[in-house]
Visitor: 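I'd like to ask some things about the structure below.
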There are 2 protein chains.
Amino acid sequence: MPLKVLRTEPRYLAIQRYVQELIEGPDYAPGDNIPSERVLADKLGANRMTVRKAIDRLVAAGLLERNSTSGTRLPPPKVTRPLNPRTSLGISRLVQISGGTPASRLLYFEAGRASASVAARLRIDEGADLMIFRRLWMVDTTPFCIETSHIPAVRVPGLAAEDLTSGRSLNALLRERYGISVFSGEREIGVVHCNEQEAKLLQLAPGDAALVLRLVSADTAGRPIEYLRSINHPQLVLFRTEMGEAQP
Amino acid sequence: MPLKVLRTEPRYLAIQRYVQELIEGPDYAPGDNIPSERVLADKLGANRMTVRKAIDRLVAAGLLERNSTSGTRLPPPKVTRPLNPRTSLGISRLVQISGGTPASRLLYFEAGRASASVAARLRIDEGADLMIFRRLWMVDTTPFCIETSHIPAVRVPGLAAEDLTSGRSLNALLRERYGISVFSGEREIGVVHCNEQEAKLLQLAPGDAALVLRLVSADTAGRPIEYLRSINHPQLVLFRTEMGEAQP
DNA sequence: GATCCAAATTGGTATATACCAGTTTGGACA
DNA sequence: TGTCCAAACTGGTATATACCAATTTGGATC
């Protein structure tokens, strides 16, 4: 039985990563146009159709929007304000609070080991080293979500609590320090009942129902990066997913 | 201001509909392979890349699966049994019940008029004629979901209660009698508390939390067809959505 | 400085072609 | 009848090219 040979990465994936890093970098803001397909193809020495495939995937993921004759741009802020802390792509979380910017408070940060269920989701061995941390998200003074993240320690050597309180997004950190572009994922949404701590943090009563989102995100090549479990305030949060018209 | 001209339908959309009707027809069952891209292109007199784009979209929608060297097939039944009554595409509903096939019971069927909120979702005028019906879904004797559908009456002239109890799926009916292929949609998931009737039907207590899914489905061209509100049993049902690896 | 029109630009669609790496298939051979 | 290998077939990737419709841009003209 021969070793599984790592196929060389398809060109469109490299281009997809290039564009994703471009738009997540400091030079681009929501509403900005990216260079046209022809310009990108020219600059990268690739065919327009290959560039197009990379952009197609980013559009399908919600990272970009096409506007037939006026270019491709970063999605401008939406009317329904899809607040995006850690729900990237495919699902957006609508937080029914007037305005403001979401902010987080780090509740804890520690090393740990993978339980059987977490190991299965991350496709690693049970007992493997993990970094585990929990954050409380709020708009102004209103908490709407508790998120607990599990990341294989080997993927993020040197990750420290300060990294999560520096104001930089986790995605930006993963990309800039570890060269990981978070792209795809699987999500499950269900109902749970708050325990005492969760209820207190979300200003609910113990036993109240909440929306739970479980997310396994992966990099551009599909390798699992993070398992996230988030408990969402039942009256303040709604999940939305679209499909079809946004499709290329 | 000139009339908005209806652009001729792109070829890949016509092919997409052709393939969708093919696989939803009586000749195909889960696990079956569809004809290869080359064969389809040949039969339809189109280029393989155009056929490929149509199939790409069906794959992204979850209606088909690719298997690199062994063809493209209808997704075989999954381990986690994504029961599919009216949740098609993008989201699958996992019902945590041993086995069996879901069946429905028609609770009511009547003509009505669009409220402001329903009219907005279906992009029709307030007060427009609707067909409204409600069904209870169950596996064996265990109910897991109540679904209320709203369909513009002009889209389904002659629709009768018998049509919904004939065992045929609504999608099949829309396609075969009205020539409508349901393809895309927008979904919202949140928490609601059951009223007395809902609780009774789902064997819960009034006021218990449940998962609510609101779905606006549309045809291949993106025209809204149906607004569906479904109340799901909080312990039995879980929603899942994927994105990334399944993408073309 | 304002107006208007032609040219350039943009994404959207469609086709043709080529090669690759696995899987399946069919037939030759033992 | 069973085994094995080459050929055929599959989807995956990549390039080149062409045309369309709509918007944006730039410059000439008033």
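Note: hydrogens, waters and symmetry copies are ignored here, and every other heavy atom, side chains too, is used.
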Visitor: Give, ordered by number, those residues of residues 37-44 of chain B having at least one heavy-atom distance below 4.0 Å to an atom of DNA chain C; if nothing qualifies, reply none.
Guide: none
Visitor: Considering the options Asn232(A), Leu236(A), Leu238(A), which one meets the side-chain contact (heavy atoms from CB on, under 4.5 Å) requirement together with Leu211(A)?
Guide: Asn232(A)
Visitor: Using the test side chain to side chain contact (heavy atoms under 4.5 Å, CB included), find all partners of Ala120(A) that sit at least two apart in sequence or belong to another chain.
Guide: none
Visitor: Among residues at least two apart in sequence or on other chains, which ones pass side-chain hydrogen bond (donor to acceptor under 3.5 Å, both in side chains) with Ser115(B)?
Guide: none
Visitor: Could you pull out all residues at least two apart from Arg11(B) that satisfy salt bridge (charged side-chain N to carboxylate O under 4.0 Å, His left out)?
Guide: none
Visitor: Quick one: side chain to side chain contact (heavy atoms under 4.5 Å, CB included) partners of Ser104(B), sequence neighbours excluded?
Guide: Arg135(B), Trp137(B)
Visitor: Between the main-chain N or O of Pro157(A) and the side-chain N or O of Tyr178(A), is there a donor-acceptor pair closer than 3.5 Å?
Guide: yes
Visitor: List every contact pair, protein side and nucleotides 23-25 of chain D side both N or O, where the distance is under 3.5 Å.
Guide:
from, atom 1, to, atom 2, distance (Å)
dT23(D), O4', Thr69(A), OG1, 2.5

Visitor: Name the pairs: protein N/O against N/O of nucleotides 14-16 of chain C, kept only if under 3.5 Å.
Guide:
from, atom 1, to, atom 2, distance (Å)
dA14(C), OP1, Arg11(B), N, 2.4
dA14(C), OP2, Arg11(B), N, 3.0
dA14(C), OP2, Tyr12(B), N, 3.2
dT15(C), OP1, Arg11(B), NH1, 2.9
dT15(C), OP2, Asn47(B), N, 3.3
dT15(C), OP2, Thr50(B), OG1, 2.7
dA16(C), N7, Asn47(B), ND2, 3.4

Visitor: Applying side-chain hydrogen bond (donor to acceptor under 3.5 Å, both in side chains), name anything that partners Asp32(A), two or more places apart in sequence or on another chain.
Guide: none
Visitor: Can you measure Asn67(A) atom CG to dG11(C) atom P for me and round it to whole angstrom units?
Guide: 10 Å
Visitor: Would you mind reading off the distance between Arg48(A) atom CZ and dT17(D) atom C1', rounded to a whole angstrom?
Guide: 11 Å
Visitor: When the side chains of residues 36-44 of chain A are checked against the rest of the protein, which donor-acceptor pairs come out under 3.5 Å, sequence neighbours left out?
Guide:
from, atom 1, to, atom 2, distance (Å)
Ser36(A), OG, Val39(A), N, 3.2
Glu37(A), OE1, Arg48(A), NE, 2.9
Glu37(A), OE1, Arg48(A), NH2, 3.2
Glu37(A), OE1, Arg52(A), NH1, 3.4
Glu37(A), OE2, Arg52(A), NH1, 2.8
Glu37(A), OE2, Arg66(A), NH1, 2.7

Visitor: Just to verify, what does Asn67(A) make a side-chain hydrogen bond (donor to acceptor under 3.5 Å, both in side chains) with, not counting sequence neighbours?
Guide: Arg73(A)
Visitor: Holding to side chain to side chain contact (heavy atoms under 4.5 Å, CB included), I want the full list of residues that pass it with Asp125(B), two or more places apart in sequence or in another chain.
Guide: none
Visitor: Can you measure Arg52(B) atom CZ to dT13(C) atom C1' for me and round it to whole angstrom units?
Guide: 17 Å
Visitor: Taking only side-chain nitrogens and oxygens of Ser36(A), does any of them come within less than 4.0 Å of OP1 or OP2 of dT9(C)?
Guide: no
Visitor: Measure CG/Asn33(A) against P/dG11(C) and give the value in whole Å, please.
Guide: 8 Å
Visitor: Output all residues satisfying side-chain hydrogen bond (donor to acceptor under 3.5 Å, both in side chains) with Ser70(B), sequence neighbours left out; order by chain, then residue number.
Guide: none
